[in-house]
Colleague: 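Have a look at this one before I ask anything.
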2 protein chains.
Amino acid sequence: MDHFYVLPEEDKKQLAALFTESFIRKKNLLIREGDLVDKLYFLESGHLRGFQNRDGEEITVSFIFAPAFFTDLIALRQKTPALVSFQVMEDSRLFAAPFDAIDKFMLSKPTNSLYYLRFLESLNAFYIKRTFSLICDSPEERYLKLLQERPKVIEKLPLRYIAHYLGIKPETLSRIRRRLKESS
Amino acid sequence: MDHFYVLPEEDKKQLAALFTESFIRKKNLLIREGDLVDKLYFLESGHLRGFQNRDGEEITVSFIFAPAFFTDLIALRQKTPALVSFQVMEDSRLFAAPFDAIDKFMLSKPTNSLYYLRFLESLNAFYIKRTFSLICDSPEERYLKLLQERPKVIEKLPLRYIAHYLGIKPETLSRIRRRLKESS
DNA sequence: TAGTTTTCTTGACTTTAATCAAGGTGCAAA
DNA sequence: TTTGCACCTTGATTAAAGTCAAGAAAACTA
């Protein structure tokens with residue numbers, strides 16, 4: 001929890017007390033599309049994929065690698081049904097806290113919201129860059145950038161998830177990989 | 001400034017005092033790609049486009065419509081050169097505040113950061129939805145969604161900017177428009 | 001381990017968008 | 001008002017990604 005901003009020891013304890021531990025088995029859903037969301041999660045081990053159901057097909061739109069906080073922020077704040085399902089890709093340990101309690105914690109002291117603020121800022125940076133890449137770069141360029149910036153994604157995840165994440169079809173990614181192998 | 005969270009009158013005055021007014025003429029750049037950024041801006045009238053230079057061509061990647069806060073958040077926080085140039089599309093009135101001062105303001109009272117926090121959350125929601133649309137929707141679907149969600153964009157902006165924003169070429173958008181006209 | 005299922009690869013073909021180039025339109029400046 | 005320029009539209013062509021289908025490889029299960 002020290003990635004963004006280090007809270008004083010005392011406040012950190014107070015925050016940690018809001019979370020309860022749980023375990024979840026491979027392939028289970030943590031958030032289901034359409035659910036209401038009221039918790040913030042911290043994934044300690046394993047990784048997740050987020051997907052949307054489009055005409056019966058599951059389109060993977062995001063990945064979460066431990067250790068990381070996550071939730072469906074849109075559903076949570078706007079109190080609307082979740083847009084995305086989150087599926088655990090291996091047996092995982094995680095912590096959950098009611099967001100109401102987090103909000104209270106943040107309001108109790110100015111520095112308490114700094115961590116969340118930094119988290120939002122970096123999430124923003126990530127999605128802005130991803131948007132720009134989808135607009136400006138070719139599928140092959142997007143794949144190469146992903147390879148550079150998040151090599152874990154490529155090592156651990158099935159090709160079809162990566163393809164959807166990049167906005168292309170699995171067959172196309174398979175061909176991109178072959179092209180890259182041949183030309184090297 | 002009341003879109004997200006209404007500050008008490010006193011705090012609002014304190015915040016407003018951090019901003020200085022300025023005017024900028026049509027077509028001028030407010031932030032230039034490569035600049036260092038240390039201010040938060042509030043656009044009171046007019047609208048902006050953000051663009052990147054790719055192989056000599058200006059690719060429009062974002063629009064800002066008054067009234068709205070904006071800055072290059074990535075450049076600002078990571079103290080890296082701006083990724084995007086911001087150009088005013090008509091003579092505009094705006095306000096600027098050093099971000100250092102904003103940070104101090106936020107740290108002086110827990111509720112002072114709430115507005116910024118809501119701003120970040122809604123910016124996030126916006127870019128997440130845009131990313132998903134770029135992944136899942138066809139160019140025509142993306143155009144129709146934009147038409148629905150931000151009709152101002154379509155009314156006021158040149159076709160080629162809208163096309164780049166949607167990740168397609170101007171010729172393609174021109175053809176999409178014709179198709180839609182014919183089929184209605 | 002053997003067998004089953006899922007995922008990946010590959011080829012042939014179709015669809016879609018990009019590119020290139022020409023002509024038209026409309027706005028802006030003189 | 002006229003002229004010039006920037007922008008948009010359109011058609012012909014090319015390039016790229018999508019689709020469909022079959023077979024190979026890998027992963028899971030009994």
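Naming convention: chains lettered A, B, ... in sequence-line order (proteins, then strands); numbering from 1 in each chain.
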Colleague: Send over the distance from A:Y161 OH to D:dA27 P, rounded to a whole Å.
Modeller: 14 Å
Colleague: Side chain of B:P158 only, heavy atoms from C-beta on: which candidate in D:dC8, C:dT19, D:dA17 is closest?
Modeller: D:dC8
Colleague: Using only side-chain N and O atoms of A:R175, determine if any of them is under 4.0 Å from OP1 or OP2 of C:dT9.
Modeller: no
Colleague: Any side-chain N or O of A:T172 under 4.0 Å from OP1/OP2 of D:dA17?
Modeller: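 Answer no for this pair, as no side-chain N or O of A:T172 is under 4.0 Å from OP1 or OP2.
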Colleague: Side chain of B:E171 only, please: which of D:dT10, D:dC8, D:dT19 is the nearest?
Modeller: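 Selected nucleotide (nearest to the side chain): D:dT10.
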Colleague: Rounded to whole Å, how long is the line connecting atom CZ of A:R142 with atom C1' of D:dA17?
Modeller: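 Nearest whole value for this atom pair: 11 Å.
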Colleague: Picking from D:dG18, C:dC8, C:dA18, which would you name as closest to the side chain of A:L159?
Modeller: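 Taking heavy atoms from C-beta onward, the closest nucleotide is C:dC8.
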Colleague: Examine C:dG11: is either OP1 or OP2 under 4.0 Å from a nitrogen or oxygen in the side chain of A:R178? Give yes or no.
Modeller: yes
Colleague: Apply salt bridge (charged side-chain N to carboxylate O under 4.0 Å, His left out) to A:R77 and A:D103, showing your working.
Modeller: CA-CA 11 Å; A:R77 279 300 183 204; A:D103 271 334; 3.0 Å; yes
Colleague: Would you please say whether a donor-acceptor pair under 3.5 Å links the side chains of A:Y116 and A:E121?
Modeller: no
Colleague: Does A:R179 or A:K26 map to a spot on DNA chain D nearer the 5' end, using the closest nucleotide for each?
Modeller: A:R179
Colleague: Would you please indicate yes or no on a ring centroid separation below 6.0 angstrom for B:F70 and B:F86?
Modeller: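 Aromatic pair counts; centres sit under 6.0 Å.
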Colleague: Given C:dC8, is OP1 or OP2 found less than 4.0 Å from the side-chain N or O atoms of A:S174?
Modeller: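 Looking at the OP1 and OP2 atoms of C:dC8, neither is under 4.0 Å from any side-chain N or O of A:S174.
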Colleague: With sugar-phosphate meaning primed atoms plus P, OP1 and OP2, does B:P170 contact a base, only sugar-phosphate, or nothing at under 4.0 Å between heavy atoms?
Modeller: nothing
Colleague: Can you list the residues that meet the side-chain hydrogen bond (donor to acceptor under 3.5 Å, both in side chains) rule with A:E140, with sequence neighbours excluded?
Modeller: A:R179
Colleague: Starting from P on C:dA17, measure out to CG on B:L166 and report it in whole angstrom.
Modeller: 12 Å
Colleague: Could you tell me the separation between the CZ atom of A:R160 and the P atom of D:dG18, rounded to a whole number of Å?
Modeller: 17 Å
Colleague: Please give, in whole Å, the distance from C:dA18 C1' to B:I168 CD1?
Modeller: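 For the pair B:I168 CD1 and C:dA18 C1', the rounded distance is 11 Å.
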Colleague: Whole angstrom is fine here: how far is it from CD1 in B:I59 over to P in C:dA18?
Modeller: 11 Å
Colleague: Between P on D:dT10 and CD1 on B:I176, what's the gap in Å once rounded to a whole number?
Modeller: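 For the pair B:I176 CD1 and D:dT10 P, the rounded distance is 14 Å.
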Colleague: Got a salt bridge between B:R49 and B:E58, using NZ or NE/NH1/NH2 to carboxylate O under 4.0 Å?
Modeller: yes
